[in-house]
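So that the names make sense, note that chain A is the first sequence line, chain B the second, and so on, each numbered from 1. Worth saying up front: this structure is predicted, and the values here are computed from it rather than measured.
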Number of protein chains: 2
Amino acid sequence: MARRSDHSREELYELALDAAAGIISKEGYSALTARRVATDIGYSPGTLYNLFANLEEMIFHLKGRVLDALFTALSKKTLTGNAEEDVMKLFDEYLAFFKGQPEFRTHLFEPMALPASDLPDWYRQKITNLVDILETALAPLFPAGTTERAKAAHVLWAGLYGISSLDASGQLQLVSKTDARNMAKSLATNFLAGLATDTHSRGKK
Amino acid sequence: MARRSDHSREELYELALDAAAGIISKEGYSALTARRVATDIGYSPGTLYNLFANLEEMIFHLKGRVLDALFTALSKKTLTGNAEEDVMKLFDEYLAFFKGQPEFRTHLFEPMALPASDLPDWYRQKITNLVDILETALAPLFPAGTTERAKAAHVLWAGLYGISSLDASGQLQLVSKTDARNMAKSLATNFLAGLATDTHSRGKK
DNA sequence: AATAATTATTAAACAACGTTCAATTATGAT
DNA sequence: ATCATAATTGAACGTTGTTTAATAATTATT
């Protein structure tokens with residue numbers, strides 16, 4: 001019942017998130033409890049409440065970490081200038097990132113069940129950064145900074161999110177034999193081909 | 001501490017799911033507890049465990065109900081034979097279905113966090129039925145029963161799921177001003193246009 | 001250097017949760 | 001009428017998230 005100073009506040013923060021991630025990947029999301037994290041880092045549950053407002057906030061910060069890690073993975077990819085090829089490159093990396101870690105995909109990559117206005121700026125920014133990578137891959141197809149480009153990036157982002165979501169939950173294999181990569185490729189190819197026809201011929205309907 | 005027979009097993013089942021849905025829509029998902037449902041239907045918590053193995057299973061059945069309701073809503077739409085128009089009709093109905101009920105979309109339309117092989121057949125069937133509606137709308141574009149048609153339906157389904165997911169969590173408004181319907185339209189239009197080019201010209205790469 | 005203020009840490013407690021179970025009583029079968 | 005079966009319950013168990021008063025280490029002030 002005393003002060004310790006074995007770790008700084010920042011160290012404690014990292015320690016807690018490390019422990020939380022380890023628990024989830026080794027024993028599943030349901031094993032993640034405040035007491036368990038506290039035990040694993042050698043502190044009492046109360047200490048966690050000095051770092052985070054509550055468990056939910058701790059998990060929220062863990063989600064932030066996942067966004068960071070995905071950003072790092074996607075950033076490593078070098079783009080060729082061929083939009084379709086580059087989009088597919090990013091799609092592949094995205095799917096690979098979560099492969100073998102369905103627990104992370106299922107529980108740490110979901111949107112919050114909260115009004116978006118309550119999302120802190122640092123979290124919004126992490127998402128924006130991710131979508132921006134995709135938008136960059138679309139640069140060859142659009143003049144810079146157009147709303148069309150942003151919109152296309154968002155549709156691709158949301159579409160891939162959906163594919164990855166159904167894949168992680170095993171729902172893809174329910175109905176079709178098509179795997180996630182196959183579907184992602186179909187999305188990228190056809191959506192981009194469709195964009196091309198839009199740009200060229202304006203007299204559709 | 002006695003037997004009652006005020007309601008049959010089936011009535012009790014419906015009563016419980018009614019109560020659960022009411023609690024969620026009125027007070028949010030976090031208010032949904034076994035004790036609360038029991039209180040609302042005038043039984044003790046133990047009775048719920050005579051109906052369902054556990055709370056999770058009860059929620060699972062509630063999810064089945066949501067799938068049924070969505071199926072009913074989508075089935076009412078009459079298709080015109082114009083694929084793009086019909087797909088958009090279905091997309092609109094889908095988005096409208098969850099509008100104003102984000103709690104349902106967020107918590108009762110998520111894939112399970114379980115191995116797909118554990119999903120009971122009745123649940124798989126409900127999902128299949130939904131995707132089949134979408135596949136029907138693609139009939140004008142493909143010979144019946146082709147894997148291409150099924151695949152296209154699944155990509156559209158997953159894509160819409162992603163859009164609706166990010167929308168429900170408010171993440172769409174985070175980065176762009178494009179709303180869900182707008183994005184759904186972009187997905188439908190461009191993906192279908194892309195499909196058309198695929199069918200016609202086979203000499204891409 | 002001594003004292004005061006602040007901060008980190010903890011053990012213990014609280015209320016609420018999911019779930020189980022022995023006891024009890026109504027129903028259905030013999 | 002009797003027996004078996006099934007439904008219902010209250011009470012209990014273990015666990016959870018969270019709060020709090022007490023305690024001791026650090027930091028600030030003099």
Next on the checklist: If you define the side chain from C-beta out and look only at heavy atoms, does anything of Ile41(B) sit under 4.5 Å from Asp18(B)?
Outcome noted: no
Next on the checklist: Whole angstroms only, please: what is the CG-P distance between Leu32(B) and dA16(C)?
Outcome noted: 17 Å
Checklist entry - Base, sugar-phosphate, or nothing: which does Thr33(B) touch, judged by heavy atoms less than 4.0 Å apart? => result sugar-phosphate
Item to check | Length of the line joining Tyr43(B):OH and dG10(D):P, which is rounded to integer Å | outcome: 13 Å
Next on the checklist: Please list all pairs meeting ring-ring contact (aromatic ring centres under 6.0 Å, His included) that have one or both residues in residues 68-90 of chain A, counting only residues at least two apart or in different chains.
Outcome noted: none
Checklist entry - Do Lys76(B) and Glu93(B) sit within salt-bridge range, that is, some charged N less than 4.0 Å from a carboxylate O? => result no
Checklist outcome for this item: Taken to the nearest whole Å, CD/Glu11(B) to C1'/dA7(D) is 15 Å
Checklist outcome for this item: Of the listed dT8(D), dA12(D), dT18(D), the closest approach to the Arg35(B) side chain comes from dA12(D)
Checklist entry - Using a cut-off of 4.0 Å on non-hydrogen atoms, how would the nucleic acid contact of Leu12(A) be classed: base, sugar-phosphate, or nothing? => result sugar-phosphate
Checklist entry - Is Asp6(B) salt-bridged to Arg4(B), cutoff N-O under 4.0 Å? => result yes
Checklist entry - Would you call the rings of Trp157(A) and Phe109(A) parallel, tilted or perpendicular, where under 30° means parallel and over 60° means perpendicular? => result perpendicular
Checklist entry - Cut-off 3.5 Å, side chains only: do Ser25(B) and Glu103(B) have a donor facing an acceptor? => result no
Checklist entry - Nearest nucleotide by nearest heavy atom, which residue falls closer to the 5' end of DNA chain C, Ala31(B) or Gly42(A)? => result Gly42(A)
Item to check | Separation of atom CZ in Arg36(B) from atom C1' in dC17(C), rounded to whole Å | outcome: 15 Å
Next on the checklist: Which label fits Tyr29(A) and His107(A): parallel for a plane angle under 30°, tilted from 30 to 60°, or perpendicular past 60°?
Outcome noted: parallel
Checklist outcome for this item: Against the side chain of Ala34(B), the closest entry in dT19(C), dT18(D), dT10(C) is dT19(C)
For nucleotides 27-30 of chain C, list the nitrogen or oxygen atoms of the protein found under 3.5 Å from its nitrogen or oxygen atoms, one pair per line.
{"unit_1": "dT27(C)", "atom_1": "OP1", "unit_2": "Ser5(B)", "atom_2": "OG", "d": "3.1"}

Checklist outcome for this item: Whole-Å distance, Met58(B) CE to dG18(C) C1', equals 12 Å
Item to check | Whole angstrom value for the distance that separates C1' of dT7(C) from CG of Leu51(A) | outcome: 13 Å
Next on the checklist: How many whole angstroms separate atom CG of Leu48(A) from atom P of dG17(D)?
Outcome noted: 10 Å
Next on the checklist: With each end axis built from five pairs of C1' atoms, what bend angle do you get for the helix from dA1(C)-dT30(D) to dA29(C)-dT2(D)? Round to 10°.
Outcome noted: 0°
Checklist entry - Touch check for Arg9(B), heavy atoms < 4.0 angstrom, all strands: base, sugar-phosphate only, or nothing? => result sugar-phosphate
Item to check | Whole-Å distance separating the CG atom of Asn54(B) from the P atom of dC17(C) | outcome: 17 Å
Item to check | Heavy-atom donor-acceptor pair, Asp167(B) side chain to Ile163(B) backbone, under 3.5 Å | outcome: no
Checklist entry - Quick one: is the NZ or CZ of Arg105(B) closer than 6.0 Å to the six-membered ring centre of Tyr161(B), and within 45° of its axis? => result yes
